[in-house]
Structure formats: C-alpha cells, structure tokens
Amino acid sequence: MRFTKMQGLGNDFVVIDGIRQRVALDTAMIRRLADRRYGVGCDQVLVAESPTHPEMDVRYRIFNADGTEVEHCGNGVRCLALFLHDEGLVEGREFAIQTDAEPAVVRLLDDGQVTVNMGAPRLEPAEIPFQAAARQTLYPLDVDGETLQIAAVSMGNPHAVLQVEDVDTAPVERLGPLIEQHSAFPKRVNAGFMQVVDRGHLRLRVFERGVGETRACGTGACAAMVAGRVQGLLDDEAEVALTGGKLRLRWAGEGEPVWMTGPAVAVFQGEWPGS
Ligand SMILES: N[C@H](CCC[C@H](N)C(=O)O)C(=O)O
C-alpha cells in the first residue's frame with residue numbers, strides 16, 4: 001500500500017489514496033502505521049475515498065493514532081488538499097472535501113499555504129457533545145480537585161478550551177489527559193490551553209483526543225479563536241501561535257464559518273507491505 005507522509009506545523013500524517021488503491025484498515029493497522037517505533041509514525045492517518053455526496057470531490061476519513069475515527073482535522077485537511085492536487089485526484093486549486101463534519105472547501109494559494117473553510121462552530125452542549133444543563137460562555141469543570149472554567153466548542157470534533165496566563169508553563173501534561181477523559185465529554189475531548197496575547201494574537205497548546213500533545217491542532221486553533229471571540233477577548237481576525245508554527249484565522253461571528261490559512265508539506269512517499 002502506497003502512502004505519503006505529510007505535516008502541517010509539525011502535526012504529522014500518513015496520507016493514503018483509497019481511491020486508486022484498495023485499502024483495508026482496521027484499528028490494529030492504524031495503530032501500527034501511527035507507531036513511531038514499529039510503524040511509519042504519525043498523529044493521524046488520513047484516507048482519501050470516493051465521495052458519497054454528489055457535490056463533493058473527495059471524502060476523507062481521519063483516524064487518531066489510537067485507532068479511533070474522528071470527525072475533522074484542520075491541519076490534515078490542508079495536507080490532504082495538497083496531496084489530492086499533486087496526485088491529480090482533483091481538478092484545479094479550489095475544491096470541496098467531504099468530512100464527517102461539514103464539507104471543507106479548500107483553496108491552494110500561490111505561496112504554498114492552504115486556506116480552508118472549516119465550517120461554522122457549534123456551541124450548544126448537546127452538539128459538542130458536553131453534559132451541561134444549558135449553553136454558557138464558560139463552564140465549571142472539576143478536574144483533579146480543582147474547578148476549571150472551560151469553553152466548549154465543536155468544529156465537528158469536540159474541544160475544551162482553558163485560558164492560561166502562559167502556555168509555556170501551562171499544566172498540559174497533568175490536566176490534558178484528565179480533561180480529555182472527563183466524563184462530562186461522552187466522546188472524550190481535545191483539551192486546548194489558550195494564552196490571549198492581544199485582540200489579534202493568541203498562543204495555544206493542545207492535548208489532542210486520541211493522541212496526546214501535538215505540535216499543532218487546526219481544529220483546536222479554530223475552537224480557541226471561537227472561545228476567545230465569544231468571551232470578547234479577540235477581534236474577527238487572529239494569528240494563532242502553536243508549538244509548530246502559526247495559523248491565520250478569521251471568524252465573523254456566530255453562524256459564520258471559521259476560515260483557516262496555514263502550510264501543508266509532503267515529507268516523503270513510501271510503500272507499506274500488505275494492504
Ligand atoms: N485529535 C482530534 C483529531 C485531529 C485534530 C487535529 N490534528 C487538527 O489539526 O484539527 C480529535 O480527536 O478530534
């Protein structure tokens with residue numbers, strides 16, 4: 001089975017063409033592909049498939065390193081867009097990618113960056129999903145004997161966003177797994193640690209559901225932007241500085257999509273023995 005190793009700000013992927021080759025991936029195989037000692041190594045495995053929706057060009061499926069299939073991946077959809085274009089699987093530099101969340105409309109820019117319409121965030125607890133009686137800007141969450149104040153946002157996948165003074169000293173290792181597994185999130189959750197620098201700049205670290213801390217998280221950056229803007233801390237354009245680099249985001253407010261622009265890089269191609 002042919003694959004391409006790719007990365008977006010250090011969030012890395014094994015990308016597989018499931019259109020021109022038959023691909024049969026089970027949980028064990030996903031985990032082996034993602035394993036950084038016994039496999040190729042990546043945060044997520046992305047599989048391009050023929051679309052099941054007539055208006056879409058391609059469908060893409062996303063699997064975390066632990067083998068779980070998830071609804072969306074922001075850095076991944078930029079990398080997939082570059083992959084589809086370079087493999088000649090789509091026409092032109094602007095096309096639609098079907099995800100289990102909203103369709104992602106992507107545009108390949110001349111400078112090698114990719115702009116993506118990441119769809120509109122969902123803020124109702126039931127849509128995240130998050131157990132809360134009613135929608136609030138911030139929710140108390142009891143973790144490890146302390147009560148955190150978190151924002152809860154879905155970009156198709158669930159995010160909890162905690163504001164911190166300084167991401168460099170944020171307790172990501174300690175609180176990340178506890179938030180990820182918290183019972184108030186029935187599908188678990190990605191845990192973002194957001195430092196608002198000013199109304200146009202934020203810093204972010206993300207302990208990703210099913211992976212652990214990654215160098216960058218595209219949907220996490222979108223969720224942090226939404227959380228910051230709903231709290232009145234950010235304007236409608238922001239630069240998000242993650243460990244692996246920067247994303248530019250734009251969100252005009254509720255009901256509107258989040259636009260994300262960032263890099264996508266193909267690292268190498270390989271052949272995996274067997275299907
Ligand atoms: N770990 C995420 C999926 C990948 C998201 C991230 N890599 C991104 O760039 O959005 C989840 O379980 O929802």
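All values reported here derive from a predicted model rather than from experimental measurement. Just follow the structure's listing: the first ligand is 1, and inside any ligand the first atom is 1. Residue numbers start at 1 and run along the sequence shown.
- Applying the ring pair (Phe, Tyr, Trp, His ring centres under 6.0 Å) criterion to Phe207, with sequence neighbours excluded, gives no partner residue.
- For the pair Glu69 and Lys187, the salt-bridge criterion is not met [side-chain N within less than 4.0 Å of a carboxylate O].
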Show me the donor-acceptor pairs within less than 3.5 Å that the side chains of residues 148-161 make with the rest of the protein, sequence neighbours left out.
| from | atom 1 | to | atom 2 | distance (Å) |
| --- | --- | --- | --- | --- |
| Ser154 | OG | Gly156 | N | 2.9 |
| Asn157 | OD1 | His159 | NE2 | 3.0 |
| Asn157 | ND2 | His159 | NE2 | 3.4 |
| Asn157 | ND2 | Thr219 | OG1 | 3.0 |
| His159 | NE2 | Thr219 | OG1 | 3.0 |

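- For the pair Asp17 and Arg22, the salt-bridge criterion is not met [side-chain N within less than 4.0 Å of a carboxylate O].
- Residues in residues 249-270 take part in these salt bridge (Lys or Arg N to Asp or Glu O under 4.0 Å) pairs, two or more places apart or across chains: Arg135-Glu254.
- Around ligand 1, the residues contributing at least one heavy atom under 4.0 Å from the ligand are Asn11, Gln44, Asn64, Val70, His72, Cys73, Gly74, Asn75, Asn157, Asn190, Glu208, Arg209, Cys217, Gly218, Thr219.
- Taking the charged nitrogens against the carboxylate oxygens, Glu49 and Arg59 do have a contact shorter than 4.0 Å, which makes a salt bridge.
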